[in-house]
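Data first, discussion second: the structure below is written as structure tokens.
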Amino acid sequence: MPLARILALTLALAVAPPARADFPETLRDHILPGVAAFRDATAALAEAATTGCDPQALRPPYQAAFDAWMAISHLRIGPAEEDGRALAIAFWPDPKGLGWKQQQALLTGDPAALEPQAFARQSVAARGLFGLERLLYPTEPLPADPCPLIRATTSDLARMAAEIDAGWTGGYAKAMLTAGAPGNTLFLGGPEVRQALFTLLYAGLEFDGDQRLGRPMGEPSRATPAKAEAIASGRSLRNVLISLQSLRGMLVSLTPDAPRTVAAFDHAIALAEGLDDPVFAGVATPEGRLKVEILQQAISHLREVALEEAAPELDVGIGFNAADGD
Amino acid sequence: MASRRAFLAGLAAALAPRLTWAEAGSPAFLAAARAGDAYLLHGLAETGASLFALPLPARGHAAAAHPTLALAVAFARRPGTFALVIDCIRGTTAARLTPPKGRQFNGHGTFTADGGLLITTEQAAETSEGVLGLWETETWARVGEWPTGGIGPHDLRRLPDGRLVVANGGIRTDPSDRRKLNLDTMRPNLTLLSAKGEILDQVALPEALHQNSIRHLTLHGEAIAFAMQWEGDPAEAVPQLGLWRPGHAPVACPPDDTQAFAMKGYAGSIAAAPGLVALTSAPGGALMLFDAAGRPQATHRRADLSGVALGPRGLVATDGQGGIWAVAADGLQLLAHHPLAWDNHLVSLA
């Protein structure tokens, strides 16, 4: 039985609490289930690749794995940051096209580089979900049979997902739950855990607005639709939507008292659901760009409300030095 | 006419012995902090204990410590229109320095080895052209200025032989709202000046890194280690650390591929111990260690980590949640935890 279910049952049996939300609930309801689901989805993808490399057959489990990543991609802390895992799982943006250059070398080079240990040391840009996107949704003919590289990439991805899950269940969750205990230098108290989680939520929204939407929007006089994320797999808008839904879930698990922030989330999510522009190609026209801009503004507004309402509710802020450095 | 009280205070100050850091408890560091709504300048022991806390009228930035006397110059955040000379024993303001009309303090300064002169980085408010302001330290009168050979000078260091090295950040800012005006054409540089202010040498990074603003410095053996903040595309992986041996080209020292964005393109502070250089990034929540040749050694994570300096027992770092940490190759060790937020810089009194 997954750890998350065990925790949920244990808590339910141990106490009959009124509805509460704080970081233990965020761990139980948001983080642990999310990293477990990503572990399972990438395992399924790697398994599918061992039985056959037909891109058509691999696309559905690939999409499922990417969906699972989008539910946790904002958790840039602890296990995801170790060994640059988050970067190796999803290297985007890649403005200089480093990933594709590296992959071409891997496709045509020494097969020993695809052995698991050697592959794990390849450039982060060449691996992970965006590496797989270039192999499963190629925009031009590939220079060699991609099957060995597909297998190496899916297997490397599943390994990292399992390591992230193991990192959380094997100690990082406990470090959060025992914040302030003697010897715990990761979190010197509950407030630091809330601060860290809020910072992740806020940074996640910033990335959605500034990068996922901002890059294709470009300038008013010059939109750059080619810079959207995950165009080949058709996921640009879908990634924003899942991110917003997941961040909303994180918020409600962390505090029960931020109704305006929840409403701002709902508004942004509704806009994303209603936007008929899956890879933001519409930004090439003024009307199309305006629609995306409206979503971006809703996310900016959501960030402001989160700072005004949720942050004080959690008794946190943006880091003193991070907010205004030198 | 000066009031009687002011006259007596001035007389007392003139006659009072000038006390040394020993009388202030021999702090190892100075650090500005915010506690609730109050801003303070703390003197810290090497253990992380606070020896004194003096109120500041506004958020402090870096401080300059007199080499022997218990005097600290606290700079207002840039663009700064004042600096306070603080008597750290009496807890009083010995002097308030204001830059000349049309000049702004840029948050950093250094004393000469004998403490006779304070040298401050400043820029022209309208053009951001850099100057070093010179202040003699008996009466705190401004006695001159030297061009820094660049725009937006930030940190500076005095070499053991009296020469000065200045980080010209290269960014032209709007005089009123700090908006950055010239990111497309910016050209940061490192400038070496003689003890008399003559420009001896100047270097810049290759064109591809022209948007990497050089902002903070530390001396590291024969070299000057410098820390940068990237003003270009945030998706581009760029180094935060560089090393410059005057007479040679500067060398950029990138992090490990797996830590390419750990610092989020931003180094806030830099310090060096024998064989080790440490950079901090508050936005990244990370401290990165490099060896003497600039090769990456380790990355340690801690939210809002910013100040870092060399103390008697090694490198120490401070964070915005009140933590003070000993920095070792294998991790951070908590020395002390205070109920306040340590600000950007930790100043060593070594």
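Note that this is a predicted model, so its numbers are computed, not measured. Just so it is clear: chains get the letters A, B, ... in the order the sequence lines come, proteins before strands, and each one is counted from 1.
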Of all residues at least two apart in sequence or in a different chain, which pass the salt bridge (Lys or Arg N to Asp or Glu O under 4.0 Å) check with A:Asp22? A:Arg20, A:Arg194

Non-neighbouring partners of B:Asp256 that pass salt bridge (Lys or Arg N to Asp or Glu O under 4.0 Å), sequence neighbours left out: none

As an exercise: rank B:Arg301, B:Gln333, B:Lys264 by heavy-atom pairs under 4.5 Å with chain A and give me the winner. B:Arg301

Considering heavy atoms only, which positions within residues 197-213 of chain A lie below 4.5 Å of chain B? A:Gln211

B:Trp325 versus chain A, heavy atoms under 4.5 Å apart: side chain, backbone, both or neither? side chain

Just so I understand: if I count every heavy-atom pair under 4.5 Å between each of B:Gly320, B:Ala341, B:Ala260 and chain A, which residue has the most? B:Ala341

Side chain, backbone, both or neither of B:Ala262 within contact of chain A (heavy atoms, under 4.5 Å): neither

Quick one: closest heavy-atom pair of B:Asn344 and A:Asn321, and the distance? ND2-OD1, 2.8 Å

Look up atom CG in B:Leu334 and atom CG in A:Leu186, then write down how far apart they are to the nearest 0.5 Å. 11.5 Å

Is it the backbone or the side chain of B:Ala303 that comes under 4.5 Å from a heavy atom of chain A, or both, or neither? neither

Chain B contacts: which residues in residues 81-100 of chain A have a non-hydrogen atom closer than 4.5 Å to it? A:Glu81, A:Asp83, A:Gly84, A:Leu87, A:Phe91, A:Pro93, A:Pro95, A:Lys96

Of all of B:Asp304, B:Thr258, B:Thr280, which one pairs up most often with chain A through heavy atoms under 4.5 Å apart? B:Asp304

Tell me, for A:Arg215 versus chain B, whether the close heavy atoms (under 4.5 Å) come from the side chain, the backbone, both or neither. side chain

Can you tell me if CG on A:Asp315 sees more than 12 non-hydrogen neighbours from other groups inside 6.0 Å? no

